[in-house]
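See below for the structure under consideration.
Note: hydrogens, waters and symmetry copies are ignored here, and every other heavy atom, side chains too, is used.
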Amino acid sequence: MKQQIAHIALVVDDYDEAIAFYTEKLNFVLLEDTPQSETKRWVLVAPPGSAGCSLLLAKADSEEQRSSIGNQAGGRVFLFLKTDNFLTMLQKGVQFTREPKTEEYGTVAVFKDLYGNLWDLIEYSKSSE
């Protein structure tokens, strides 16, 4: 049996501001934006060239869901993004909570998305790939 994780739901406050953050700041590609109802949309974004998992931007529609915005992992790093260019992220104004640090496997930093979820940003050294 073959399996893979297709999407990870990320609870957001507003579809359009989330799309703007992921496409403009993180350079993600908008894969789909399909209305489901008057208030619900199916919105998928992913890093360019990604053939794997994508993010499903899911707008909170209850107080319980709104309380999870920006804290989906309880204050821990939630997602890990591999990059080949740290400089671009710095230039686009991504808010780092831990500045880039060189490790034996490459460069790593922690940044916040627009709602405060923590992400690891990793640029592997050529010898680690």
Side-chain angles (χ1 to χ4, degrees):
M1 171 172 54
K2 286 179 70 175
Q3 296 178 316
Q4 74 179 55
I5 295 174
H7 313 296
I8 295 174
L10 183 65
V11 182
V12 300
D13 187 48
D14 180 86
Y15 288 118
D16 294 323
E17 75 179 1
I19 290 168
F21 176 82
Y22 286 99
T23 60
E24 294 170 15
K25 297 280 187 182
L26 299 187
N27 199 38
F28 280 27
V29 176
L30 178 62
L31 302 174
E32 185 173 349
D33 185 357
T34 305
Q36 300 289 300
S37 70
E38 224 170 277
T39 59
K40 187 176 179 183
R41 292 156 54 183
W42 182 261
V43 179
L44 296 174
V45 295
S50 178
C53 188
S54 60
L55 288 180
L56 170 66
L57 303 179
K59 185 176 177 184
D61 62 7
S62 69
E63 270 312 307
E64 181 180 7
Q65 290 176 11
R66 278 188 279 286
S67 71
S68 295
I69 295 172
N71 193 29
Q72 289 198 203
R76 294 192 56 122
V77 168
F78 178 50
L79 297 164
F80 296 77
L81 179 61
K82 179 182 171 185
T83 186
D84 64 356
N85 190 338
F86 255 91
L87 187 56
T88 298
M89 301 298 232
L90 292 167
Q91 291 170 337
K92 290 192 174 203
V94 173
Q95 181 186 357
F96 285 88
T97 61
R98 282 185 235 140
E99 292 300 315
K101 180 179 178 185
T102 303
E103 299 288 351
E104 63 185 58
Y105 55 84
T107 305
V108 64
V110 176
F111 71 91
K112 286 183 179 183
D113 66 18
L114 76 161
Y115 297 115
N117 292 299
L118 297 176
W119 292 61
D120 258 6
L121 181 63
I122 304 167
E123 184 175 344
Y124 289 106
S125 62
K126 297 294 178 202
S127 62
S128 295
E129 292 184 340

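Between Ser62 and Glu64, the side chains place no donor N or O within less than 3.5 Å of an acceptor N or O (distance only, hydrogens not considered).
Remark: Leu81 CG to Phe111 CZ distance equals 5.5 Å, nearest 0.5 Å. Trp119 contributes atom CH2, which lies 13.5 Å from atom OG1 of Thr97 (distance to the nearest 0.5 angstrom). Put simply, CG on Leu118 and CG on Asn71 are 8.5 Å apart, with the number rounded to the nearest 0.5 Å.
A side-chain donor-acceptor contact under 3.5 Å links Lys25 to the backbone of Lys92.
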Checklist entry - Yes or no on side-chain contact (heavy atoms from CB on, under 4.5 Å) for Phe96 and Leu90, after CA distance, side-chain angles and deciding distance? => result CA-CA 8 Å; Phe96 285 88; Leu90 292 167; 3.2 Å; yes
Checklist entry - After noting the C-alpha distance and the side-chain angles of Tyr22 and Leu30, does the key distance pass the side-chain contact (heavy atoms from CB on, under 4.5 Å) rule? => result CA-CA 8 Å; Tyr22 286 99; Leu30 178 62; over 6 Å; no
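Under a hydrophobic clustering in which Ile, Leu, Val, Met, Phe, Trp and Tyr are joined whenever their side-chain heavy atoms come within less than 4.5 Å, directly or via other members, Leu26 and Val29 fall into different clusters.
Under the side chain to side chain contact (heavy atoms under 4.5 Å, CB included) criterion, Glu103 pairs with Lys101, Tyr105, Val108, sequence neighbours left out. Judged as a ring pair (Phe, Tyr, Trp, His ring centres under 6.0 Å), and not counting sequence neighbours, Phe21 has no contacts. For Ser37, the side chain to side chain contact (heavy atoms under 4.5 Å, CB included) test picks out Thr39, Lys40, with sequence neighbours left out.
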When the side chains of residues 42-61 are checked against the rest of the protein, which donor-acceptor pairs come out under 3.5 Å, sequence neighbours left out?
{"unit_1": "Ser50", "atom_1": "OG", "unit_2": "Gly52", "atom_2": "N", "d": "3.4"}
{"unit_1": "Ser54", "atom_1": "OG", "unit_2": "His7", "atom_2": "ND1", "d": "2.7"}
{"unit_1": "Asp61", "atom_1": "OD1", "unit_2": "Gln65", "atom_2": "NE2", "d": "3.3"}

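Residue pairs meeting the salt bridge (charged side-chain N to carboxylate O under 4.0 Å, His left out) criterion with at least one member in residues 109-123: none, sequence neighbours excluded. Listed by first and then second residue, the salt bridge (charged side-chain N to carboxylate O under 4.0 Å, His left out) pairs involving residues 2-23 are Asp16-Arg41 (not counting sequence neighbours).
Residue Leu121 is tested with Met89, Lys82, Arg98 for a side-chain contact (heavy atoms from CB on, under 4.5 Å); the sole match is Met89.
Around atom CD1 of Ile5, no more than 12 heavy atoms belonging to other residues, nucleotides or ligands sit under 6.0 Å away.
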